[in-house]
There are 2 protein chains.
Amino acid sequence: MTGWQDIEAEALRRIHARAWPPGSTIPHEADLAKEFGVARATVNRALQALADAGWLDRRRKAGTRVALHPVRKATFSIPILRAEIEGADSVYGYRLLGRTLEEAPAPIAARLGVAGALLHVTALHLADGRPYAHEDRWVNVAAVPGIMAVDLAVASANEWLVTHAPFVRGDYAIGAAAADDAMAGVMGAAIGAALVTVERTTWDDTAGITAVRITFREGHWVRTVI
Amino acid sequence: MTGWQDIEAEALRRIHARAWPPGSTIPHEADLAKEFGVARATVNRALQALADAGWLDRRRKAGTRVALHPVRKATFSIPILRAEIEGADSVYGYRLLGRTLEEAPAPIAARLGVAGALLHVTALHLADGRPYAHEDRWVNVAAVPGIMAVDLAVASANEWLVTHAPFVRGDYAIGAAAADDAMAGVMGAAIGAALVTVERTTWDDTAGITAVRITFREGHWVRTVI
DNA sequence: TAGTGGTCTAGACCACCAA
DNA sequence: TGGTGGTCTAGACCACTAC
């Protein structure tokens with residue numbers, strides 16, 4: 001009963017045990033296939049999984065080497081805030097703060113690659129009635145006309161866009177910002193408190209769709225497991 | 001010339017074009033194989049890649065559905081600070097601030113699951129001579145005895161551990177912290193400045209290896225592309 | 001140019017799980 | 001319990017690249 005995951009596990013064991021030390025070349029697929037008594041495709045599947053995870057570097061002709069800097073990647077799930085809050089056994093709440101059609105600041109317009117008026121939405125996401133995250137979003141209504149008809153007081157732009165706006169690529173950045181007077185007031189934090197900020201911009205094939213900045217309450221951590 | 005990546009691209013196109021709307025069931029592998037004129041394994045490879053990326057949900061018997069919340073994952077590379085700095089065309093610098101064998105605070109000891117004295121290393125990473133990141137690290141010397149013989153004034157614990165300490169799993173969290181007096185002084189930031197903080201703990205099969213907190217200079221963003 | 005990983009095929013059997 | 005995805009096989013050819 002030898003599947004590709006068994007071979008992956010055994011290979012990982014050898015890497016951890018330093019039987020295959022960092023930087024060394026491991027046996028060819030054909031040799032490993034013979035050793036484990038499986039087809040080469042099965043070995044290939046296992047080694048490819050390890051390469052995807054960053055444990056191995058594979059190159060044609062050069063062979064497969066154990067990566068010098070193993071595990072270079074951490075994957076974060078991009079949460080729907082409602083799911084994140086409810087997943088923590090809290091009661092989700094939502095409050096629309098503002099919704100206007102206005103000219104975007106130059107940096108936002110440039111990031112989205114559009115000119116003219118954009119939909120500007122600000123909202124608050126609550127956990128157990130207390131501020132959890134503040135959302136400041138610009139939406140390119142030309143790319144997502146349907147949003148103009150949505151009552152954002154009941155459905156958050158966050159959720160509506162995720163399910164209705166297709167997007168092809170995006171960028172994502174996590175930073176820190178000190179709470180200014182307005183943010184401190186809205187979030188119930190002290191002025192100057194260090195808050196985690198997530199900025200995300202998404203594009204369609206042709207144009208920018210939305211640029212959003214989410215500011216989390218004090219003490220929030222964006223977590224993952226490697 | 002139809003490879004699995006061509007099929008992946010075509011499937012993604014249909015998802016974006018709403019030919020396969022969110023939540024709908026797409027044709028079976030066998031049908032798609034016939035349509036594209038390839039073997040079922042080739043279709044399987046393509047759809048599996050899309051499922052890994054979060055575009056599809058696949059379940060035996062139930063079939064393959066377009067995910068309701070596409071693209072849920074963002075992958076960050078875990079930087080070796082030297083590589084990150086040099087990759088930005090800056091000159092990397094390193095300064096060891098402290099190296100002591102001491103009892104760890106309870107939270108650190110608990111996270112690593114060890115008791116007794118740990119190696120406590122603090123250091124500064126510089127870009128073009130200016131503070132870039134502050135590293136505050138605890139190392140379980142029982143798990144990595146070799147580190148006691150390393151001159152950490154020349155080789156950063158960051159790099160040495162990456163290449164010498166095998167690890168099986170870890171967690172990773174990004175947060176924000178206000179600079180206290182000491183941190184502000186070391187980093188050349190204002191007291192109270194909001195700084196991005198990354199905490200990472202790694203474990204072996206049996207025990208914790210290291211817990212580290214890296215605090216970046218003001219204005220730093222942890223970025224990725226989706 | 002030769003060696004290595006990348007991929008495809010046609011067929012087969014299996015594991016899971018919705019109905 | 002049957003349909004669907006998950007995986008394996010044996011063989012083949014191809015693409016890349018170190019030498």
Side-chain angles (χ1 to χ4, degrees), chain A residues 1-15 19-73, chain B residues 1-15 19-73:
Chain A
M1 173 119 196
T2 308
W4 68 267
Q5 305 198 41
D6 298 305
I7 293 173
E8 180 190 23
E10 169 61 15
L12 199 50
R13 195 194 61 74
R14 292 183 185 183
I15 293 170
W20 292 344
S24 65
T25 301
I26 74 172
H28 312 152
E29 290 187 351
D31 290 348
L32 291 172
K34 194 180 301 179
E35 177 191 341
F36 292 120
V38 299
R40 182 167 79 91
T42 305
V43 173
N44 181 281
R45 184 87 160 84
L47 297 188
Q48 228 164 51
L50 290 173
D52 282 344
W55 292 106
L56 298 175
D57 286 330
R58 319 195 73 199
R59 270 164 29 205
R60 288 158 148 129
K61 169 69 177 180
T64 299
R65 291 170 170 276
V66 179
L68 284 173
H69 304 307
V71 182
R72 304 165 305 214
K73 297 186 292 185
Chain B
M1 172 121 199
T2 308
W4 69 267
Q5 304 198 39
D6 297 305
I7 293 173
E8 179 190 25
E10 170 60 15
L12 199 50
R13 194 194 63 74
R14 292 183 186 183
I15 294 171
W20 292 345
S24 66
T25 300
I26 75 171
H28 312 151
E29 291 187 349
D31 291 347
L32 290 172
K34 195 180 300 178
E35 177 191 341
F36 292 120
V38 300
R40 183 168 78 92
T42 305
V43 173
N44 181 280
R45 184 84 160 84
L47 297 188
Q48 228 164 53
L50 289 173
D52 282 344
W55 292 104
L56 298 175
D57 286 330
R58 318 195 74 200
R59 276 180 2 218
R60 286 159 151 133
K61 168 71 177 177
T64 299
R65 291 170 170 276
V66 179
L68 283 174
H69 304 307
V71 182
R72 304 164 307 214
K73 297 185 293 186

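Just so you know, these numbers come straight off a predicted model, no measurement behind them. By convention in this document, chain letters (A, B, ...) are assigned in the order of the sequence lines, proteins followed by strands, and residues within each chain are numbered from 1.
- In this structure, E35(B) and L32(B) have side chains that are in contact, with non-hydrogen atoms separated by less than 4.5 Å.
- One interatomic measurement links the two molecules: CH2 of W4(B) to C1' of dG6(C), which rounds to 10 Å at whole-angstrom precision.
- Considering only heavy atoms from C-beta on, L47(B) comes within 4.5 Å of I26(B) through its side chain.
- For S24(A), the side-chain contact (heavy atoms from CB on, under 4.5 Å) partners two or more places apart in sequence, or in a different chain, are W20(A), P21(A), V66(A).
- Proximity of N44(A) to the phosphate of dG6(C): a side-chain N or O atom is located under 4.0 Å from OP1 or OP2.
- R45(B) has its CZ atom 8 Å from the P atom of dC8(C), to the nearest Å.
- Environment of CZ in R14(A): crowded, with over 12 heavy atoms of neighbouring residues, nucleotides or ligands closer than 6.0 Å.
- Across the protein-nucleic acid pair, L50(B) atom CG and dG5(D) atom C1' stand 15 Å apart, rounded to whole Å.
- For Q5(A), a side-chain nitrogen or oxygen approaches OP1 or OP2 of dT7(D) to under 4.0 Å.
- In this structure, the CD atom of E29(B) is 8 Å from the C1' atom of dG6(D), given to the nearest Å.
- Spacing between atom CZ of R58(B) and atom P of dA15(C) amounts to 18 Å, rounded to whole angstrom units.
- The CG atom of L50(A) sits 8.5 Å away from atom CH2 of W4(A), with the distance rounded to the nearest 0.5 Å.
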Kindly give the atom pairs (protein nitrogen or oxygen, nucleotide nitrogen or oxygen) under 3.5 Å for nucleotides 9-13 of chain D.
from, atom 1, to, atom 2, distance (Å)
dT9(D), OP2, A39(A), N, 2.7
dT9(D), OP2, T42(A), OG1, 2.4
dA12(D), N6, R40(A), NH2, 3.1

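- The shortest distance between side-chain heavy atoms of R58(B) and N44(B) falls below 4.5 Å.
- Taking 4.0 angstrom as the limit, T64(B) places none of its side-chain polar atoms (N or O) nearer than this to OP1 or OP2 of dT4(D).
- What separates CD of E8(A) from P of dC8(D) is a distance of 11 Å, to the nearest Å.
- The shortest distance between side-chain heavy atoms of I7(B) and V38(B) falls below 4.5 Å.
- Nucleotide dT7(C) holds its C1' atom 12 Å from the CG atom of D6(B), rounded to whole Å.
- Straight-line distance from the CG atom of D57(B) to the P atom of dT4(D): 17 Å, rounded to whole Å.
- Side-chain N/O atoms of Q48(B) include none lying less than 4.0 angstrom from OP1 or OP2 on dG5(D).
- Put simply, CZ on F36(B) and CD on E10(B) are 5.0 Å apart, with the number rounded to the nearest 0.5 Å.
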Report, one pair per line, the protein and nucleotides 16-19 of chain D atoms (nitrogen or oxygen only) whose separation is under 3.5 Å.
from, atom 1, to, atom 2, distance (Å)
dA18(D), OP1, R59(A), NH2, 3.2

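- Atom CG of L12(A) is separated from atom CD of Q5(A) by 12.0 Å, given to the nearest 0.5 angstrom.
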